[in-house]
Each structure stands twice: as structure tokens, then as C-alpha cells.
Amino acid sequence: MTTASVNRLAGLIARIDSREACIGIVGMGYVGLPLALLFSDQRFKVTGFDIEPSKVKTLNAGKSYILHILPSEIQAAQKAGFRATSDYSEIARMDAVIICVPTPLNEHHEPDLSFVTGTVKSIAPWLREGQLIVLESTTYPGTTEEIVVPLLEAGNSGGLKVSRSLDQFGLHVAFSPEREDPGNTDVARHDIPKVIGGCGPAATQLASAMYGAIFRRVVPVSSPSVAEMTKLLENIYRCVNIALVNELKQLCMRMGIDIHEVIDAAKTKPFGFQAFYPGPGLGGHCIPIDPFYLSWKAKQFDFRTRFIDVAGEINTAMPYFVIEQIAAGLNEQRKSIKGSKILVLGVAYKRDIDDLRESPSLTIIELLREKGALVAYNDPFFATVGRGRHYDLNMNNTPLDNLGQYDAVVIVTDHSSYDYRAIVEQSQLVVDTRNATKGIDSAKIVRC
Ligand SMILES: NC(=O)c1ccc[n+]([C@@H]2O[C@H](COP(=O)([O-])OP(=O)(O)OC[C@H]3O[C@@H](n4cnc5c(N)ncnc54)[C@H](O)[C@@H]3O)[C@@H](O)[C@H]2O)c1
């Protein structure tokens, strides 16, 4: 290792330690914005980049567009130097650039990396020697090395190359997966260990110094691919285990056994068991999507990821199973779905959050409408539900009163503000997909 490169790397780490380092975060969404606040909390000067002008405007006005982030938090960050911009030329001023843009699936259920490639192409012309670039967006193993690095090297005007050894001082590139769990108040963000895989030892050291300033523990791994695969293992583990309990729930229903009582008993085992809960289907940006990034990549290796396929099949079928249960409940009352008035409780994909991406409620509402039901919804977090990538509902929130007018009330999201006892008392039929009515004894409830 040459003395010059040692000194330059030490200089960058010193800028992090002294908080002189400027941090740029590209993508001010559910991941990027909280991360920006975490850096601001630790007195870094943070610039948030986003292509959506309304987000830039809102943030610079000291306001928030994410429910669990308060305007006061944005304003406190502004006092520490936080600002938002759409101007990529500011990338040149940054010591580190962290990319937190979406990684959805396209219409063929394949990875859509267009947001990542778009971002990388936009920042590349502004890069300078020594900068650290970290991808946080969830993706398949190989993305950083095969997609991001070539675009960065081809797109910068100074002929900069990615540093591969400690005596090569160029661009420092790493992958570090995000482990955000929206709505989880049990674990503080800075207590969630941060996995880091650099393209070379200098990138891993630099990224470890940067994240070490805001997270209590960093976990360096040997390569970006290991870090990318780590994130997918975590999410596939959840996806497969949720599918397992969703399948066992259906068996238990046939056998007259309460799956929730079974899970509660099983989780008393102090080792070798982790509780997962059945529900109406997967939701959110991660679990329904990320596993398919790996199954797509596996095909390049002539390999079939059977667990992912089976879990996907079971979880995707859950909203259809809920429809069958609604039909069965109505059938007991000599009614059909067609023509019935049905209220869906909760459109968010999980309890107490304002995010409806991939929410099973959207599929359930669409299926009920297709079958001729008159569907309304209530959700304290959504005044309206319009149009998204996979739905076009155009509905307004319905007040939670006069529940007796509905032929069925379907609990899809178990928001904690709902009074479930009152809901059961006032309704003709309650279909509960979340065990929200646990402990309430009533013949009106169909638990599924
Ligand atoms: N939301 C979560 O709980 C969560 C958890 C772990 C990992 N992730 C992963 O993190 C990544 C980001 O997810 P998210 O939930 O924050 O998405 P998001 O949609 O909330 O935010 C992404 C932001 O990026 C912006 N953007 C898109 N293209 C851009 C570009 N070229 N330049 C600048 N800004 C651009 C969008 O306008 C948006 O504000 C995804 O890969 C996701 O899988 C999300």
C-alpha cells in the first residue's frame, strides 16, 4: 500500500469523523429520508436528491410527506444543514453518495433496474476521485459489480476507475442493504446492524467509517454480492415462512384447529422456532417483490429456486382464499357476493402505516368488485385510494358508522385504532383475516 493512498484514505475517514463530510442521498422515499435524518442527527451536512419536484419543495419547506416522520424532524435536520434538490451537479460536492431508489418488478415479473441505472447515469458525470458511492436499493447479487460499476466507470469524464486495492485510489463503491421495518417502534434505527460489502478494501473501510458514525454496529462482508444476497436471504426467509403458516392455516381451518393458538403455543419454545403469522396475502415494497429478483437471477445459472416459487404461489393465492371465505360467510346468510354491500377495513399493507404498495386489500377490493359487490373501504391513513401501478380504484374513505348497512365487514388491515368489539357488535358479518377479533366470541365472525 503506497503512503499517498494511505494518507488520502485516512483523510477521507478523518472528514467523516470530524463531520466535515457531505452526504448525498439519492431517493427521498421511505428509505432515503429516514436515513438522511439519521445522518443529520449526527451533525453531517446532508443533501437529499429526488427527481420529484413536489418532494423537494415539501422538504425544503420543512414539511413531511411520510406519516411517521414529523415536520419538526425535517426542520431539526435543516438546522444541521439538510436540504433537498433535483440538481445533480451538486453530487460533485459530496464525499459520499447513497442511492435509495425503487427496485420494482416489471409487467413480466422481472427486475426493473431502470431507477438504479437512471440514477447512476445521472450522477456519473459529476463524480470525482475519492468519493464513496453506496447502493442501498434491494437487488439481486451481482448488480453492483455488473451494472453499477461499469456505468460509473463509463459515465465519468475523468476516466476514474473503481478502487480494487488499498494502493488504488479512485471511486469507492459498496453495497449496503437497507433493513427498514416501517412502523416498528421496538428497535431503534441506529440499533439495526448495517451490512457492508465494498468492491475493494478501501470502499469497505470508508463505508464502515461512514455507517459506523450513525449505526451502533457495522457488519463488513467480503463483497457487494454477499451483501446483496444477505438482504435477499432475510426477505426470502420471511416470504417462505409466511407461506408456510398461510398453508398450515388453511389445513388447520379444515381440521377445526385454531392456527393462532398453535403459533402462540409453539413460540414458547425457547430455541429453533420463530413465529410468523398468516394473513390475507403479502404487501409492501419488499417481501412480495425481492424474492423474484433472486429467482430471475438464478435462471442465468440454470437453477430453479423452488422454495421461492412455492411460497410465491401460496402467498399470491391468499386474497383469493379470502374471497372464498367471504362468499362462504355470506352463503350461510343465504346471500351472494354479487349485489352485497361489503366494507373493507384497512387498505395499508400492514398495521398503523400509511403505505399501500402491493397491499392485499387492493386485490381483495378489485376481486369483490369483479364479482359484483358494492365495495367501500375505511382506513384512517388514506382519505382516498386512486390509481397505482397495479390498480385503479378511485375510492374515498367511508366513515366507520352505520356498520349494520353492510352485508359483510372484512378486516384486512388490523389498525390499532379500530374498536374490534364495537365493529363485531354493529356488523351483520365480520370476516377477520388478521386474528384482530381474538377473544371476541360471536357467531358473526368468520376467521380466516
Ligand atoms: N420501504 C421499505 O420499507 C424498504 C425496506 C428495505 C429496503 N427497501 C428498498 O429500498 C429501495 C427504496 O425503497 P423506498 O421504499 O424508499 O422507495 P420510495 O418509492 O419510497 O422512494 C424512492 C424515491 O426515489 C426517487 N427517485 C426515483 N428515481 C430517482 C432518480 N433517478 N433520482 C433521484 N430520485 C429518484 C423517487 O421519486 C422516490 O422519492 C428499494 O430498493 C426497496 O426495495 C425498502
Side-chain angles (χ1 to χ4, degrees), residues 24-38 47-60 64-69 84-91 94 97-106 111-126 133-141 143-144 147-148 151 155 175-184 187 189 192-195 227-228 230-239 282-294 348-359 388-389:
I25 300 183
V26 186
M28 288 284 92
Y30 286 90
V31 167
L33 183 53
L35 188 64
L37 298 181
L38 220 48
T47 306
F49 294 81
D50 206 289
I51 42 169
E52 223 177 278
S54 64
K55 288 191 173 171
V56 171
K57 206 169 150 201
T58 306
L59 293 174
N60 286 337
S64 172
Y65 40 78
I66 295 180
L67 187 83
H68 67 271
I69 295 177
T85 183
S86 297
D87 178 3
Y88 279 111
S89 70
E90 295 202 31
I91 291 288
M94 303 297 131
V97 179
I98 305 174
I99 302 171
C100 308
V101 295
T103 43
L105 296 171
N106 67 18
D112 172 5
L113 284 180
S114 60
F115 295 96
V116 172
T117 54
T119 300
V120 174
K121 284 180 191 161
S122 303
I123 66 170
W126 306 103
I133 297 103
V134 184
L135 178 64
E136 285 214 7
S137 305
T138 308
T139 185
Y140 57 78
T143 307
T144 307
I147 309 279
V148 175
L151 286 175
F175 182 84
S176 179
E178 171 53 50
R179 284 168 156 171
E180 164 89 351
D181 182 15
N184 183 338
V187 189
R189 195 89 196 283
I192 303 172
K194 195 81 173 109
V195 174
E228 288 158 340
T230 302
K231 172 71 184 177
L232 291 183
L233 170 62
E234 291 167 12
N235 282 356
I236 291 162
Y237 171 78
R238 288 186 58 204
C239 178
L282 297 179
H285 193 296
C286 296
I287 311 296
I289 290 170
D290 302 346
F292 298 105
Y293 266 67
L294 189 63
Y349 79 82
K350 73 173 187 177
R351 180 194 301 166
D352 298 343
I353 64 163
D354 61 340
D355 189 349
L356 49 65
R357 287 178 290 179
E358 313 293 326
S359 171
R389 279 166 74 92

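Predicted, not measured: the structure shown is a model, and the values here were computed from it. In each ligand, atom 1 is the first atom listed, and ligand 1 is the first ligand listed.
With 3.5 Å as the limit, one finds no donor-acceptor pair spanning the side chains of T85 and D87.
For a threshold of 3.5 Å applied to N or O pairs, the pair formed by R357 and ligand 1 contains at least one separation below that value. Between F115 and ligand 1, no N or O atom pair is found at a separation short of 3.5 Å. Checked against a 3.5 angstrom limit, the closest N/O atoms of K231 and ligand 1 fall outside it.
Every residue two or more places apart in sequence or in another chain that forms a side chain to side chain donor-acceptor pair (under 3.5 Å) with R351 is listed here: D414.
Protein heavy atom nearest atom 39 (O) of ligand 1, with residue, atom name and distance: D50 OD2, 2.6 Å. Among all protein heavy atoms, the one lying closest to atom 22 (C) of ligand 1 is P102 CD, 3.5 Å. Here the heavy atom of the protein found nearest to atom 24 (O) of ligand 1 is G27 CA, 3.3 Å. The single protein non-hydrogen atom nearest to atom 21 (O) of ligand 1 is G29 CA, 3.2 Å, given as residue, atom name and distance. Protein heavy atom closest to atom 41 (O) of ligand 1, with residue, atom name and distance, is T103 OG1, 2.6 Å. For atom 8 (N) of ligand 1, the closest non-hydrogen atom on the protein side is V31 CG2, 3.6 Å. From the protein, the heavy atom lying nearest to atom 31 (N) of ligand 1 is T119 OG1, 3.0 Å.
Close approach of ligand 1 to H285 is summarised as follows: ligand atoms under 4.0 Å from at least one heavy atom of the residue are 40 (C), 42 (C), 43 (O). If you number the atoms of ligand 1 from 1 as listed, the ones under 4.0 Å from a heavy atom of K55 come out as 38 (C), 39 (O). Residue V26 has at least one heavy-atom neighbour below 4.0 Å for each of these atoms of ligand 1: 32 (N), 33 (C).
Taking 4.5 Å as the limit, every side-chain heavy atom of I147 sits out of range of all side-chain heavy atoms of V120. L232 has its side chain within reach of T138: a pair of non-hydrogen atoms, C-beta onward, lies under 4.5 Å apart. Between Y293 and E228, every side-chain heavy-atom pair lies at or beyond the 4.5 Å cut-off. Side-chain contact between V187 and D181 is absent, with no heavy-atom pair separated by less than 4.5 Å. Here the side chains of F115 and P104 are in contact, with some heavy-atom distance below 4.5 Å.
Using a 4.0 angstrom heavy-atom cutoff, R179 does not count as in contact with ligand 1. By the 4.0 Å heavy-atom criterion, C286 is counted among the residues contacting ligand 1.
For E136, no heavy-atom contact with ligand 1 is shorter than 4.0 Å. By the criterion of a heavy-atom distance under 4.0 Å, both the backbone and the side chain of S137 are placed next to ligand 1. In I51, the parts holding a heavy atom less than 4.0 Å from any atom of ligand 1 are both the side chain and the backbone.
Proximity annotation for atom 11 (C) of ligand 1: of V101, T85, I287, D290, V101 comes nearest, heavy atoms only. Of the candidates I25, N235, T117, T138, T138 brings a heavy atom nearest to atom 7 (C) of ligand 1. The closest non-hydrogen atom to atom 30 (C) of ligand 1, taken over Y88, Y293, Y65, F49, comes from Y88.
For R238, the CZ atom counts as loosely surrounded, since its 6.0 Å shell holds 12 or fewer non-hydrogen atoms of other residues, nucleotides or ligands.
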Practice problem: Check the pair I51 / Y88 against side chain to side chain contact (heavy atoms under 4.5 Å, CB included), numbers first and verdict last. | Solution: CA-CA 10 Å; I51 42 169; Y88 279 111; 4.2 Å; yes
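One N or O on the side chain of D50 and one on the backbone of M28 form a donor-acceptor pair closer than 3.5 Å. Proximity of a side-chain donor or acceptor of K350 to a complementary backbone N or O of L356 within less than 3.5 Å is not detected. A donor-acceptor distance shorter than 3.5 angstrom exists from the side chain of K231 to the backbone of E178, with no hydrogens or angles considered.
Closest approach of H285 and R357 over heavy atoms only: CD2-NH1, 2.9 Å.
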